[in-house]
Amino acid sequence: PTLKVDRGANVTVPFQNNLSEETNIHWHGLLVPSTMDGHPKDIVQSGSSFNFNFTIDQRAGTYWYHPHPHGKTARQVVMGLAGFFIVNDDEEKALNFPSGDQELVLVIQDKKIENGQLTYSPLMNEIMTGYTGEYVLVNGIYAPFHNVATRYYRLRILNGSTARVYNIALSDNQPFHVIGADGGLLAQPVTVNTLLLGPGERADILVSFKNYMVGKEIYLTSKTFNGGTQGQQEFRLMKFVINLQADETFTVPSQLSVVQPMSPASSSRTRVMKIKGMMNGMSGNMGGSMGSGVHTINDKVYDIDRIDETVKAGATEIWEFDNSDGDEIHPMHIHGVQFQVIERTGGRGSLIASEQGWKDTVLVMPNEKVKVIMVFPQEKGVFVFHCHNLEHEDNGMMLNYEII
């Protein structure tokens with residue numbers, strides 16, 4: 001289900017686990033107490049239930065939810081456990097964006113299907129690079145189409161894949177407007193022809209069909225890009241069929257919101273998170289089981305009972321994700337906060353349109369270092385941060401941090 005709430009709402013979600021295995025829910029991007037965040041230690045056993053309860057005190061945005069049991073997250077997400085959690089507020093409502101049937105929520109996931117059944121059984125090399133399926137689905141449908149009028153449409157796009165990166169574009173290379181990222185609206189719309197979207201990231205875009213003739217077909221596609229073993233193939237995601245001539249009165253606002261840039265000088269400390277893979281000095285038992293440490297953060301593999309970083313409540317910090325020695329893509333996600341991306345060095349060497357707003361997940365390509373800055377909440381508790389390549393995460397590329 002897609003959950004929609006207004007800022008300030010108190011949300012109660014009764015959760016009943018009818019699976020034959022343990023699970024829980026992580027509210028990805030929501031600023032909730034650690035006890036409600038779906039930490040891997042807070043699992044709900046098969047047949048048991050739990051009441052999630054929290055108050056929404058953050059900007060409008062396209063957030064989402066998925067399970068977070070350690071070692072089982074990827075398979076449960078592949079099998080369908082992922083949904084949108086959309087927050088609305090007065091600031092966004094005043095902009096009168098396309099809504100109703102002109103607002104589409106699109107989750108993109110790739111799947112492997114054998115004999116008519118979804119499968120998930122990654123080999124060790126797929127745990128190393130990430131598990132990619134040959135079928136790309138949008139909202140659970142393969143090769144879908146959507147009828148549109150000659151108007152603007154708002155597309156809220158979630159990359160819900162475990163590992164695949166999408167370079168979002170339109171088949172005729174028409175530009176589109178990026179209006180929001182993980183943590184809500186940008187300050188101004190940014191016009192682009194392509195937008196890279198890593199696992200866990202969201203993009204809020206405006207697409208205009210107003211200059212097309214009825215009968216025209218346009219595809220949402222993923223273009224090629226440079227990075228690791230991915231990006232070598234262009235493919236279609238879904239089709240838009242222009243089937244209705246309509247008058248369009250909407251114009252894209254020049255100003256969307258205020259995103260006050262955080263000053264690096266406001267940070268009390270910088271932490272470096274060094275990313276390593278088994279090919280660059282990592283040793284240890286490879287095995288075939290999750291948790292064997294194919295990729296590490298600061299030479300560590302996840303231990304559910306160990307606190308790896310301690311942060312003072314309310315502190316402002318810079319974290320640098322250093323993938324300068326790596327040859328794999330790592331979308332890095334920090335629970336409990338929204339951050340700003342302040343710098344990318346090496347690799348692409350610059351920020352992209354969606355990184356000009358608030359984020360909770362950032363794509364770190366091979367040979368890149370990315371710095372983010374954030375203010376931690378006042379409420380104490382234990383959270384995780386990890387790679388949102390879910391094969392990497394399940395295999396131990398995750399650490400605990402505690403707010404004290």
Side-chain angles (χ1 to χ4, degrees), residues 1-58 61-88 105-109 111 113 116-122 131 137-141 156 158-162 182 199-200 202 290-291 302 304-305 333 335-336 360-361 377 379 381-384 386 388 390-391 393-394 398 400:
T2 293
L3 308 179
K4 295 183 178 182
V5 304
D6 289 330
R7 181 172 189 169
N10 184 269
V11 177
T12 299
V13 183
F15 178 61
Q16 172 68 39
N17 181 10
N18 291 334
L19 301 179
S20 58
E21 60 188 83
E22 65 191 30
T23 190
N24 63 5
I25 296 180
H26 166 53
W27 309 96
H28 186 126
L30 293 186
L31 307 179
V32 300
S34 61
T35 53
M36 295 291 144
D37 186 59
H39 189 281
K41 66 177 168 40
D42 297 325
I43 55 172
V44 180
Q45 297 292 345
S46 175
S48 296
S49 60
F50 181 79
N51 258 16
F52 288 96
N53 182 261
F54 44 82
T55 299
I56 300 298
D57 184 20
Q58 64 192 96
T62 306
Y63 308 102
W64 66 299
Y65 61 92
H66 61 83
H68 220 292
H70 185 47
K72 299 174 181 172
T73 297
R75 191 175 67 82
Q76 291 188 2
V77 170
V78 166
M79 292 298 168
L81 296 184
F84 283 97
F85 193 108
I86 292 174
V87 176
N88 299 305
V105 288
L106 307 173
V107 55
I108 306 172
Q109 292 184 312
K111 314 277 190 181
I113 301 172
Q117 298 293 318
L118 280 180
T119 64
Y120 184 77
S121 52
Y131 187 81
L137 279 58
V138 177
N139 293 354
I141 302 169
R156 298 180 185 257
L158 159 66
N159 181 347
S161 291
T162 67
D182 301 344
R202 286 85 69 206
M290 292 297 189
Y302 187 61
I304 200 167
D305 297 317
H333 171 48
H335 289 217
D360 51 57
T361 308
E379 193 166 336
V382 177
F383 295 90
V384 292
H386 58 86
H388 220 284
L390 298 183
E391 285 75 43
E393 175 196 326
D394 277 341
M398 176 164 63
N400 285 315

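Only this structure's heavy atoms are used, side chains among them; waters, hydrogens and symmetry mates stay out.
- Looking at every heavy atom in both residues, N24 comes nearest to D42 through ND2-O, 3.3 Å.
- Distance CD1/I25 to CG/L30: 11.0 Å, rounded to 0.5 Å.
- In this structure, the side chain of N17 does not engage the main chain of S48 through any donor-acceptor pair within 3.5 Å.
- Q45 places a side-chain heavy atom less than 4.5 Å from the side chain of I43.
- Across F54 and P33, no two heavy atoms sit closer than the pair CB-CD, 4.3 Å.
- Judged purely by atom type and a 3.5 angstrom limit, N53 uses its side chain to pair as donor or acceptor with the backbone of V11.
- Without hydrogens or angle criteria, Q109 side chain to G160 main chain gives a donor-acceptor distance under 3.5 Å.
- H39 and H68 have their aromatic ring centers separated by at least 6.0 angstrom.
- Here the shortest heavy-atom pairing between P199 and N159 reads N-ND2, 3.2 Å.
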**Prompt:** Please walk me through it: do F50 and M36 pass side chain to side chain contact (heavy atoms under 4.5 Å, CB included)?
**Reply:** CA-CA 10 Å; F50 181 79; M36 295 291 144; 4.0 Å; yes

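- The 12-atom threshold is not exceeded at NZ of K4, counting heavy atoms of other residues, nucleotides or ligands nearer than 6.0 Å.
- A donor-acceptor distance shorter than 3.5 angstrom exists from the side chain of H26 to the backbone of D37, with no hydrogens or angles considered.
- One side chain, T162 or E391, offers a donor N or O that lies under 3.5 Å from an acceptor on the other.
- Atom OG1 of T73 is separated from atom CE of M398 by 6.5 Å, given to the nearest 0.5 angstrom.
- Here the side chains of H386 and H335 are in contact, with some heavy-atom distance below 4.5 Å.
- Within the 3.5 Å criterion, the main-chain N or O of T12 finds no donor-acceptor partner in the side chain of N51.
- One distance of note links NZ of K72 with CG of L81; it measures 13.0 Å at 0.5 Å rounding.
- Contact annotation: the side chain of Y131 never approaches that of L390 to less than 4.5 Å [non-hydrogen atoms, C-beta and beyond].
- Taken from CG in N88 to CZ in R7, the straight-line distance is 12.0 Å, to the nearest 0.5 Å.
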**Asked** Could you walk me through whether L31 and D57 pass the side chain to side chain contact (heavy atoms under 4.5 Å, CB included) check?
**Response** CA-CA 7 Å; L31 307 179; D57 184 20; over 6 Å; no

**Message:** Determine whether T62 and R156 satisfy the following criterion, side-chain hydrogen bond (donor to acceptor under 3.5 Å, both in side chains), listing intermediate values before the conclusion.
**Reply:** CA-CA 7 Å; T62 306; R156 298 180 185 257; 2.7 Å; yes

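- No donor-acceptor pair under 3.5 Å is formed between the side chain of T55 and the backbone N or O of N10.
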**Message:** R75 vs E21, test: side chain to side chain contact (heavy atoms under 4.5 Å, CB included). Steps then yes/no.
**Reply:** CA-CA 12 Å; R75 191 175 67 82; E21 60 188 83; 2.4 Å; yes

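- One N or O on the side chain of D182 and one on the backbone of R202 form a donor-acceptor pair closer than 3.5 Å.
- Considering all non-hydrogen atoms of both residues, D394 and P69 come closest at OD1-O, 4.1 Å.
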**Request:** Give the C-alpha distance, both sets of side-chain angles, the deciding distance and a yes or no for side chain to side chain contact (heavy atoms under 4.5 Å, CB included) between I56 and D6.
**Result:** CA-CA 8 Å; I56 300 298; D6 289 330; over 6 Å; no

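- V78 and Y120 get closest at one heavy-atom pair: CG2-CD1, 3.8 Å.
- Residue W27 is tested with Y63, F84, Y65, W64 for a ring pair (Phe, Tyr, Trp, His ring centres under 6.0 Å); the sole match is Y65.
- The side-chain hydrogen bond (donor to acceptor under 3.5 Å, both in side chains) with H388 is formed by just one residue from the set E393, H333, H28; it is H28.
- When all heavy atoms of L19 and S46 are compared, the closest pair comes out as O-OG, 2.6 Å.
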